[in-house]
Amino acid sequence: MGLAVLSASGAGLQVDCVFRVSKLSMEGAKVIVVSKDGAARTITEGLTHIVLPLQLQEDYLVSFERPGCPRKQLLFNTRVPASSSSDAGFSFPIEVTLEPAPDGREFEYAGPVGNIRYDNRLDDFGYDTDYSIAPDTALVRRLDLVRATS
């Protein structure tokens with residue numbers, strides 16, 4: 001499978017993404033890109049290597065999905081200061097691997113697993129990760145019910 005490059009205009013953040021699914025095929029996999037101000041994009045072809053051009057000064061949520069796997073979302077804050085040294089834009093390589101839910105137990109992450117933003121100390125983009133799992137809503141409701149009656 002080849003490299004999928006979405007068209008870009010002007011300097012921005014070029015996200016160079018390798019996307020894999022462990023232990024399963026890529027069948028049904030997709031990448032969804034949304035921003036606060038732009039149109040949503042759903043990518044279903046050429047997923048193993050994608051270059052996502054993101055405009056600067058925006059927020060994007062990118063979701064990597066495949067049936068049978070917990071989805072992983074990345075939050076991109078592309079705001080850079082005017083004093084930034086890169087007139088040509090920025091490049092940010094990432095690798096995302098989805099894995100089947102262990103023992104078939106479905107779960108979701110509590111939020112984006114990656115938070116990518118400009119780091120003044122680096123004069124480039126950096127990231128933090130958070131793989132917290134969202135609580136099981138049925139168990140939380142049951143706990144609240146027990147609390148209310150005890």
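Any value given below was found using the heavy atoms of this structure, including those in side chains, with hydrogens, waters and symmetry copies removed. Values in this document were obtained by computation on a predicted structure and should not be read as measured data.
Legend: residues meeting ring-ring contact (aromatic ring centres under 6.0 Å, His included) with Phe92, ordered by chain and number and at least two apart, are absent. Arg71 pairs by the side chain to side chain donor-acceptor pair (under 3.5 Å) definition with nothing, not counting sequence neighbours. Every residue was checked against the ring-ring contact (aromatic ring centres under 6.0 Å, His included) condition with Phe76, not counting sequence neighbours, and none meets it. For the side chain to side chain donor-acceptor pair (under 3.5 Å) test, no residue two or more places apart in sequence or in another chain qualifies with Asn120. With sequence neighbours excluded, the residues that form a salt bridge (Lys or Arg N to Asp or Glu O under 4.0 Å) with Arg121 are Asp119. Taking the salt bridge (Lys or Arg N to Asp or Glu O under 4.0 Å) definition, one finds that Asp144 meets it with Arg147, sequence neighbours left out. With sequence neighbours left out, Ser150 forms a side chain to side chain donor-acceptor pair (under 3.5 Å) with no residue at all. When the side chain to side chain contact (heavy atoms under 4.5 Å, CB included) test is applied to Leu75, the partners found at least two apart in sequence or on another chain are Leu61, Pro112, Asn115. For Arg142, the salt bridge (Lys or Arg N to Asp or Glu O under 4.0 Å) test picks out no residue, with sequence neighbours left out. Under the rule for a salt bridge (Lys or Arg N to Asp or Glu O under 4.0 Å), Glu27 has no partner lying at least two apart in sequence or in another chain.
Evaluation of the side-chain hydrogen bond (donor to acceptor under 3.5 Å, both in side chains) test over residues 101-112, restricted to residues two or more places apart or in two chains, returns none. Every pair passing salt bridge (charged side-chain N to carboxylate O under 4.0 Å, His left out) that includes a residue from residues 49-69 is listed here, sequence neighbours excluded: Lys36-Asp59, Asp59-Arg79.
For the pair Val31 and Leu47, the minimum side-chain heavy-atom distance is below 4.5 Å. Under the 4.5 Å side-chain criterion, counting only non-hydrogen atoms from C-beta, Thr97 is not in contact with Val18. Taking the side chain as every heavy atom from C-beta outward, Asn77 and Ile116 never approach each other to under 4.5 Å. Side-chain contact between Asp16 and Ile94 is absent, with no heavy atoms from C-beta onward closer than 4.5 Å. Taking 4.5 Å as the limit, every side-chain heavy atom of Phe64 sits out of range of all side-chain heavy atoms of Cys69. You'll find the side chain of His49 stays beyond 4.5 Å of the side chain of Phe19, heavy atoms only. Looking at heavy atoms from C-beta onward, Phe125 lies in side-chain contact with Val80 at the 4.5 angstrom threshold. The shortest distance between side-chain heavy atoms of Thr137 and Val140 does not fall below 4.5 Å.
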Just do the side-chain contact (heavy atoms from CB on, under 4.5 Å) check on Leu98 and Lys72 with the steps written out, would you?
CA-CA 7 Å; Leu98 298 184; Lys72 290 184 178 176; 3.7 Å; yes
Apply side-chain contact (heavy atoms from CB on, under 4.5 Å) to the pair Val62 and Val33, showing each step before the final yes or no.
CA-CA 5 Å; Val62 181; Val33 182; 4.2 Å; yes
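To the nearest 0.5 Å, atoms CG (Leu13) and CZ (Arg117) are separated by 13.0 Å. Here CE of Met26 is found 6.5 Å from OG1 of Thr48. Values are rounded to the nearest 0.5 Å.
Donor-acceptor pairing under 3.5 Å is recorded for the side chains of Ser132 and Asp130.
Within 6.0 Å of the OH atom in Tyr127, the count of heavy atoms belonging to other residues, nucleotides or ligands does not exceed 12.
Put simply, the side chain of Thr78 gets close to the backbone of Gln55: a donor and an acceptor are under 3.5 Å apart.
A pairwise comparison of heavy atoms in Pro100 and Ser22 identifies CD-O, 3.2 Å as the closest pair. Ala101 and Pro70 make their closest contact through N-CD, 3.9 Å (heavy atoms, listed as atom of the first residue, atom of the second, distance).
Tracing side-chain contacts under 4.5 Å through hydrophobic residues (I, L, V, M, F, W, Y), one reaches Val113 starting from Ile133; they form part of the same cluster. A continuous path of Ile, Leu, Val, Met, Phe, Trp and Tyr side chains, each step under 4.5 Å between heavy atoms, connects Val15 with Leu56, placing both in one hydrophobic cluster.
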